[in-house]
Amino acid sequence: MTVETRPAPKLHRAWLIAGAAFVALLASAGFRSAPGVLIDPLHEEFGWSTATISSAVSVNLVLYGLFAPFAAALMERFGIRRVSATALFVIALGAAGTVFMSASWQLILCWGVFIGAGTGSMAMSFAATVATRWFVRSRGVVTGVLTAAGATGQLIFLPLIANLAVGSGWRTASLVIAIAALAVVPVVLLVIRDHPADIGTTAYGAPADAEVARPAAKTGSARRALSVLGQAARTRTFWLLAIGFAICGATTNGLVGTHFVPAAHDHGMPQTTAAGLLALVGVFDVVGTIFSGWLTDRVDPRILLGVYYALRGLSLALLPQLFTNSVQPSMWAFILFYGLDWVATVPPTVALCIRAFGDAGPIVFGWVFACHQLGAAFAASAAGLVRDQLGNYNLAWYSAAVLAVLASVASLAIKRAKKPVPVLAP
């Protein structure tokens, strides 16, 4: 009697694309994790104030956000692969350029403009585009995993950068980031493809009889991005998402991501220890974001956002009392709690953009993410000024807590989308 064996199911190419995108986002996150641990070394070498260095961070954060919608439109026209490979090269150029700087305007150019533009092109809209084009089933989980790449990059690079900055100098840390970004370019070019139709397949989870057709490239990427913004901005949903995500940026990248290390150092905690804690946030963020993606496939995203922002506000209100010269159990609890919530907001926000705006959802999310970074930029500068004027960060932490509660209210006020708002090509 012969036993008939079936061939093992072939891994869908979408998972390889997602893996390569994860690695690319991981590399682009390298310099995103640098500001907090380089503030003190730059201040010691050049004598620049916290506010001056924070202004370069603010430029970085603004461009990081503003480039996102245009990058999404560029990906429609030129493809994911070309845009992401170019972005990684720009990141490497900016990171290497900081080695030669001697004036604060050069910090703004390299750290702010180049790194901001490069990482902006590899921002959340890149993750949203990959997840939307290549996945029908498990889209929320994939969005969560790709979003977690930033946290994983923080986990990998932050302790490395901190130790290099202390032991070998911040220039060595910058060169390591540049090399890492360049090393990923071949991975992007060899593995990533722009559309399932490019290799004669359909998105993962799409019906077997779905039409295999490559969407026509849209001309005028800048006009496309602006046209989508103009139409989306006429809706209440867009503004509620934008307000909530602006506060999200202010309470994560802008405040905690930039100022947690120097704030802990103000209380006598060694810089490397504080950097290790911030990296640990990335560990729990990976878990929290992937779990959030899983929940987004099953729970109303509006409710998820409302809960996430409210819990974040509570944790930030408690943070000023937790700083000491050593790591206490209460600080460990904050790192766990805050880490799980760090960017758990991304999968439900992406889902709401797709549900409300359909195929234009990745570009709309790019604009929402731009608001995220505007909020982050404002918080980075404002917290630096608070520290310079008051001698501590307490006012910044309490203000962020109040804003997080407002974001929770805005999220819960979003109406359920019945059908996507039509957003026409220009």
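All values below come from the heavy atoms of this structure, side chains included, with hydrogens, waters and symmetry mates left out.
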Between Ala344 and Asp285, what is the shortest heavy-atom contact and its length? N-OD1, 4.5 Å
Heavy-atom closest pair, residues Ala401 and Gly313: CB-O, 3.3 Å
Return yes if some donor-acceptor pair links the side-chain N/O of Thr251 with the main-chain N/O of Cys248 below 3.5 Å, else return no. yes
So, the side chain of Tyr309 versus the backbone of Gly244: is there a donor-acceptor pair under 3.5 Å, distance only? yes
Using 0.5 Å steps for rounding, measure from the CZ atom of Arg171 to the OG atom of Ser174. 8.5 Å
If I compare all heavy atoms of Ile115 with all of Ala95, which pair ends up nearest, and what's the gap? CD1-N, 3.4 Å
Judged by atom type as modelled, is there a donor-acceptor pair below 3.5 Å linking the side chain of Thr235 to the main-chain atoms of Ala232? yes
Residue pair Asp198, Arg193: steps toward the salt bridge (charged side-chain N to carboxylate O under 4.0 Å, His left out) verdict: CA-CA 7 Å; Asp198 291 346; Arg193 293 296 180 268; over 6 Å; no
Just by distance, do the side chain of Thr147 and the backbone of Thr143 share a donor-acceptor pair under 3.5 Å? yes
Distance-only, no hydrogens or angles: does the Ser84 side chain make a donor-acceptor pair with backbone N or O of Arg81 under 3.5 Å? yes
Tell me if a side-chain donor or acceptor on His43 pairs with a main-chain N or O of Trp48 at a distance below 3.5 Å. yes
Salt bridge or not between Arg82 and Asp194? Use side-chain N to carboxylate O under 4.0 Å. no
Let me know which of Arg137, His12, Arg139 forms a side chain to side chain donor-acceptor pair (under 3.5 Å) with Tyr204. Arg137
How close do Leu316 and Ala400 get, heavy atom to heavy atom, and via which atoms? CD1-CB, 3.8 Å
Check: Trp342 ring centre within less than 6.0 Å of Phe337 ring centre: no
Can any side-chain N or O of Trp294 pair as donor or acceptor with the backbone N or O of Ser138 at less than 3.5 Å? no
Could you tell me which non-hydrogen atom of Gly361 sits nearest to which non-hydrogen atom of Ile354, and how far apart they are? CA-CD1, 3.7 Å
Of Leu175, Ile177, Thr172, which is the lone residue that meets side chain to side chain contact (heavy atoms under 4.5 Å, CB included) with Leu164? Thr172
Aromatic centroids of Phe135 and Trp15 separated by under 6.0 Å: yes
At their closest point, which heavy atom of Pro69 faces which heavy atom of Ile363, and how far apart are they? CB-O, 3.9 Å
Is the backbone of Ala103 close enough, under 3.5 Å, to the side chain of Gln106 for a donor and an acceptor to pair up by distance? yes
When the aromatic ring centroids of Phe284 and Tyr338 are compared, is their separation below 6.0 Å? no
Closer than 3.5 angstrom, by distance alone: can the side chain of Arg236 be matched with the main-chain N or O of Ala413 as a donor-acceptor pair? yes
Under a 3.5 Å distance rule, please check whether His259 uses its side chain to pair with a backbone N or O of Ala380 as donor and acceptor. yes
Run the ring-ring contact (aromatic ring centres under 6.0 Å, His included) test on Phe365 and Phe357 for me, step by step, so that the C-alpha distance in whole Å, both residues' side-chain angles and the decisive distance to 0.1 Å come before the verdict. CA-CA 9 Å; Phe365 176 71; Phe357 302 100; over 10 Å; no
